[in-house]
K.L.:
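If you scroll down you'll find the structure; I have some questions about it.
This one's a predicted model, so the numbers in the text were calculated from it and none came from an experiment. So that the names make sense, note that chain A is the first sequence line, chain B the second, and so on, each numbered from 1.
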Amino acid sequence: EAQVTQNPRYLITVTGKKLTVTCSQNMNHEYMSWYRQDPGLGLRQIYYSMNVEVTDKGDVPEGYKVSRKEKRNFPLILESPSPNQTSLYFCASSLSRLKGGTDTQYFGPGTRLTVL
Amino acid sequence: TQLLEQSPQFLSIQEGENLTVYCNSSSVFSSLQWYRQEPGEGPVLLVTVVTGGEVKKLKRLTFQFGDARKDSSLHITAAQPGDTGLYLCAGARTGTYKYIFGTGTRLKVLA
């Protein structure tokens, strides 16, 4: 089954304790992206990756890091989480426009993060 | 700055009524997507519109992309309780790979 998986689904942590949220897709998509969803603000893009070893900032990258060492994985790293990073996080992937993709994104189930 | 303005934000209607949701921008988009999101889940694609003026139908849902590729609309005919959810429009401005989402329209259809 074609899917995007995220782990963990729920996480409660404390300020300053480094954490990683994993994302994996099995559709051989080149493009992957991370979003956060907050009430009243909608979905905002954090980082995206066009392909392996190619990443770029979205609209809200501060406090986050990403890496793309393999095509299927795109982990989101919070080196020193703060309470304002409490949010619902989504990973997504899509086929490259160069390969006929039309910007259709497939989303993971989400990770609800609480930073105390 | 919210580059994709979605309206209305909330909509509560009776089963069988029609409704239209709008997604507007001053920017040109290479394509626009409409997603529906259920509580506790990620957004799921409904449709992608690519060509200016394009109209796509998905059962009782009709999607239109503006001629200038700056706006889109979603029309639901004879809404049903199963249509309840959060509807999101999204797109990447032409020449970029940064995606922007509208703030969403929360639809509730009462039986």
K.L.:
Check each atom of Q33(B) against the heavy atoms of chain A and say whether the ones under 4.5 Å are side chain, backbone, both or neither.
P.N.:
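Answer is side chain: those atoms of Q33(B) sit under 4.5 Å from chain A.
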K.L.:
First locate atom CG of L43(A), then atom CD1 of I100(B), and finally report the distance between them rounded to the nearest 0.5 Å.
P.N.:
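Result: 12.5 Å between the selected atoms.
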K.L.:
When hydrophobic residues are tied together by side-chain contacts of less than 4.5 Å, even through go-betweens, does L11(B) share a cluster with L74(B)?
P.N.:
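Yes.
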K.L.:
Which pairs would a plain distance check flag for residues 10-21 of chain A, meaning a side-chain donor or acceptor within less than 3.5 Å of a matching protein atom at least two apart in sequence or in another chain?
P.N.:
{"residue": "T15(A)", "atom": "OG1", "partner": "L116(A)", "partner atom": "O", "Å": "2.7"}

K.L.:
Should Y87(B) and I13(B) be counted in the same cluster of Ile, Leu, Val, Met, Phe, Trp and Tyr side chains packed under 4.5 Å apart?
P.N.:
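Yes; I13(B) is reachable from Y87(B) via cluster members.
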K.L.:
If two hydrophobic side chains count as joined below 4.5 Å and joins carry through other members, does F74(A) share a cluster with F107(A)?
P.N.:
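No, it is not one cluster - the side chains of F74(A) and F107(A) are not joined through contacts under 4.5 Å.
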K.L.:
Does any heavy atom of chain B fall under 4.5 Å from the side chain of R44(A), the backbone, both, or neither of them?
P.N.:
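Neither part; nothing is under 4.5 Å.
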K.L.:
Can you say whether Q37(B) sits under 4.5 Å from chain A via the side chain, the backbone, both, or neither, judging by heavy atoms?
P.N.:
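Looking at Q37(B), just its side chain touches chain A.
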K.L.:
Do Y22(B) and V47(B) land in one hydrophobic cluster if side-chain heavy atoms of ILVMFWY residues count as linked below 4.5 Å?
P.N.:
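Hydrophobic grouping puts Y22(B) apart from V47(B).
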K.L.:
Please check this pair: side chain of Y97(B) against backbone of Y31(A), looking for a donor-acceptor N/O pair closer than 3.5 Å.
P.N.:
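Between the backbone of Y31(A) and the side chain of Y97(B) there is no qualifying donor-acceptor contact (under 3.5 Å).
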K.L.:
Measuring heavy-atom distances to chain A, does L86(B) have an atom under 4.5 Å in its side chain, in its backbone, in both, or in neither?
P.N.:
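Interface part for L86(B): side chain.
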K.L.:
Are Y106(A) and M32(A) in one and the same hydrophobic cluster, where Ile, Leu, Val, Met, Phe, Trp and Tyr link if side-chain heavy atoms are under 4.5 Å apart?
P.N.:
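No; M32(A) is not reachable from Y106(A) via cluster members.
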K.L.:
Could you give the distance from OG1 (T104(A)) to OH (Y35(B)), rounded to the nearest 0.5 Å?
P.N.:
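Here the interatomic distance stands at 6.0 Å.
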K.L.:
Where does Y35(A) contact chain B at under 4.5 Å (heavy atoms): side chain, backbone, both or neither?
P.N.:
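Looking at Y35(A), just its side chain touches chain B.
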K.L.:
Heavy-atom pairs under 4.5 Å with chain A are the metric here; pick the option from G42(B), G104(B), P43(B) that has the most.
P.N.:
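Maximum pair count with chain A is reached by P43(B).
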K.L.:
With a 4.5 angstrom heavy-atom cut-off, could you sort out which part of Q6(A) is near chain B: side chain, backbone, both or neither?
P.N.:
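Contact with chain B is absent: no heavy atom of Q6(A) under 4.5 Å.
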K.L.:
For D56(A), is it the side chain, the backbone, both, or neither that has a heavy atom closer than 4.5 Å to a heavy atom of chain B?
P.N.:
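Looking at D56(A), nothing touches chain B.
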